[in-house]
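Everything below concerns the one structure shown next.
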Amino acid sequence: MIRVSPKAKRLKGFVKRCLALGPAPFAALAGLAAAVLAFALITDRTVLLAVAAAVAVLELGLVAALLARLLHAVKEAAVAPMTAPVAVRAERPAAQAPTEKLPARKLRPLRRWIARLNSGFSATALPVMYEYARNEQGTYAFRLAMFEGIVDWRDRRLRERREPVRGHFDIVLVSNLNLLGGTTASNAEEIKAYRGAGLSVGLVHHPVYEWNTGREVNAKITELLGENVVLLKDGDEVTCDLMIIRFPPALGRLLDDRPKITPARTALLINQTPFESYGPDGGRHFSWDIAAVRENLAAWVGDSTWYAIGPTVRETLERHHADELAGVDLADEYWFGALDPDVWRRDGRREDDGVIRIGRHSRDHPLKWQTIAEDLRASHPDAEDVEIHVLGGTDSPARVLGRLPENWTGYPFGSMGAAEFLHTLDVAVYFTAEEYVEAFGRSPMEAMAAGLPCVMPPRFEPLFGEGGLYCEPEEVEALVRALMADPERYRRQSERSLATVRELFSHQALLRRVASLGVRLPRETAVELEGAQR
């Protein structure tokens, strides 16, 4: 065995540190040696001055390169943990962007961890990002990009530093505020109701750890921010009469950076079942874990009451998750979605032009559509005097049918307002995949608020009652034709639809619910609600 002396070890370490700085110091030494040799051998003064000038320029360039490398090392030290300094060897020109040549397999984890860091999961993301950056087997660009993600995060926290919010809110609403569909629509409508009633509202954006954390808060939410609606962040410390949490998957992993909230009462709104669909052998397409959400919620704010947002959700929980719900305070009442029917309704029916226009609006997801082609054709008849209009995308029904019939017209999601679209229809028809558990049914509720007769499968009857029309797919065409042929019947059904929305799904119904849970309504709002009930 060969023993290495301490002096040799120190020399080896010195050489490695010099190598880590790149070729600049060695080139500088070589330039100095060349200058000394030139002064010794060259006697012509003019030639000597020219050589000296060239060496000086070379030395200045090398010193600048060395300073740039040292500055980069300082930057790395500023973001690296104090106990684990990191040295990264130069492998690329300084002007090249660190992610410029990263392959997709590197960009995906980079973007995922930076998004989590920027979205409130810093205690989880930082150790992983430092580990990636310290890995000497990784590429320079990937390691540097991780460092720059950390630096950018710290810089932004410094730039956005503000006085912490302290005080009391009537309601604090916690949800994943970057979603595109029904959850965001429900959140926006509730905020409008609370704000319109003169209540103060604190909002907490709690993205789902495993989902698209990097997506910005939906514009439908940010446009509601103002004096009485405040977005709460890490470091804020508030109390509230009622804390409402919508969308249980968000609490599968708690934010590391979250405000401190002390609620008098907490309500968890179950607007999605633990599995997206259920068959004879149990649930499919896992969404969230009851035990994890219960534990995380208790650790954050203590006791809570859970509310199903409709009969279908409650039935599914009791049938498939009774053991997991043992000890959970599951309310007997439902927490229905809400809207302002005066904003949605239209006066009278569409002008008769000899065509029956059937339609629906929803996001383009396979479970939002029937999966049996025969049933889908039956509920959306292909007839010369029938048009099918869809807002939200038609890729899913096209896959089921093979191709869309000629009488279909599709509009992309967000290409027009839902109310504007509904006002162009005669009848709404809403059928989903047979195994899909529709937690509530915001799409048919909005159609009824517009005054449209809405045809649905019988499983929606416990929720909408006489506000809807119910039948099997093969019965849809006959029902719609009978309705369109009888203007008086059409009018009565339209009125029943609106009456159902006002009673169960209006802003007033929502305000009565939160008042029963301890939210103190302004006197004029309470008087108005009392008068409306008489």
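Along the sequence shown, the residues carry numbers beginning at 1.
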Please give me the minimum heavy-atom distance between [X] and [Y], naming the atom from each residue.
{"X": "R346", "Y": "T424", "answer": "NH1-N, 4.3 Å"}
{"X": "V501", "Y": "P341", "answer": "CG1-CB, 4.0 Å"}
{"X": "S122", "Y": "P127", "answer": "O-CD, 4.1 Å"}
{"X": "V476", "Y": "S379", "answer": "CG1-O, 3.5 Å"}

Inset, instruction - Go through F505 and F464 one step at a time and tell me if the ring pair (Phe, Tyr, Trp, His ring centres under 6.0 Å) criterion holds. - result: CA-CA 10 Å; F505 313 120; F464 294 117; 5.6 Å; yes

Inset, instruction - Answer yes or no: is there a side-chain heavy-atom contact under 4.5 Å between L325 and L317? - result: yes

Inset, instruction - Check whether any side-chain heavy atom of P207 sits under 4.5 Å from a side-chain heavy atom of L255, and report yes or no. - result: yes

Aromatic ring centroids of [X] and [Y] under 6.0 Å?
{"X": "Y307", "Y": "Y334", "result": "no"}
{"X": "F147", "Y": "Y132", "result": "no"}
{"X": "Y278", "Y": "H285", "result": "no"}
{"X": "F121", "Y": "Y209", "result": "yes"}

For [Y], is there an ion pair with [X] - N to carboxylate O distance below 4.0 angstrom?
{"X": "K260", "Y": "D234", "answer": "no"}
{"X": "R246", "Y": "E190", "answer": "yes"}
{"X": "D241", "Y": "R265", "answer": "no"}
{"X": "D256", "Y": "R116", "answer": "no"}
{"X": "D332", "Y": "R314", "answer": "yes"}

Legend entry - Side-chain H-bond candidate by donor/acceptor type, Q370 with T432, under 3.5 Å: no

Legend entry - Flag for S186-R442: side-chain donor and acceptor within less than 3.5 Å: yes

Inset, instruction - Quickly, which of I261, D303, I245 forms a side chain to side chain contact (heavy atoms under 4.5 Å, CB included) with T266? Name it, please. - result: I245

Inset, instruction - Can you spot which of L269, V208, T184, N187 makes a side chain to side chain contact (heavy atoms under 4.5 Å, CB included) with F247? - result: V208

Legend entry - Pair R157-D152, salt bridge (charged side-chain N to carboxylate O under 4.0 Å, His left out): steps then yes or no: CA-CA 9 Å; R157 283 175 67 91; D152 290 343; over 6 Å; no

Legend entry - Main-chain N/O of F421 paired to Y411 side chain as donor or acceptor, under 3.5 Å: no

Inset, instruction - Under the side chain to side chain donor-acceptor pair (under 3.5 Å) rule, what do T305 and D329 come out as? Steps first, then yes or no, please. - result: CA-CA 5 Å; T305 301; D329 181 15; 2.8 Å; yes

Inset, instruction - Can you measure from OG1 (T371) to CD (E434) and round to the nearest 0.5 angstrom? - result: 4.0 Å

Legend entry - Gap between atom CG of D395 and atom NE2 of H365 - 0.5 Å precision: 12.5 Å

Legend entry - Whether W306 and W288 hold their rings parallel, tilted or perpendicular, with breakpoints at 30° and 60°: tilted

Inset, instruction - Verify salt bridge (charged side-chain N to carboxylate O under 4.0 Å, His left out) between R502 and D342, making sure each step is shown before the conclusion. - result: CA-CA 9 Å; R502 291 191 185 281; D342 291 330; 2.8 Å; yes

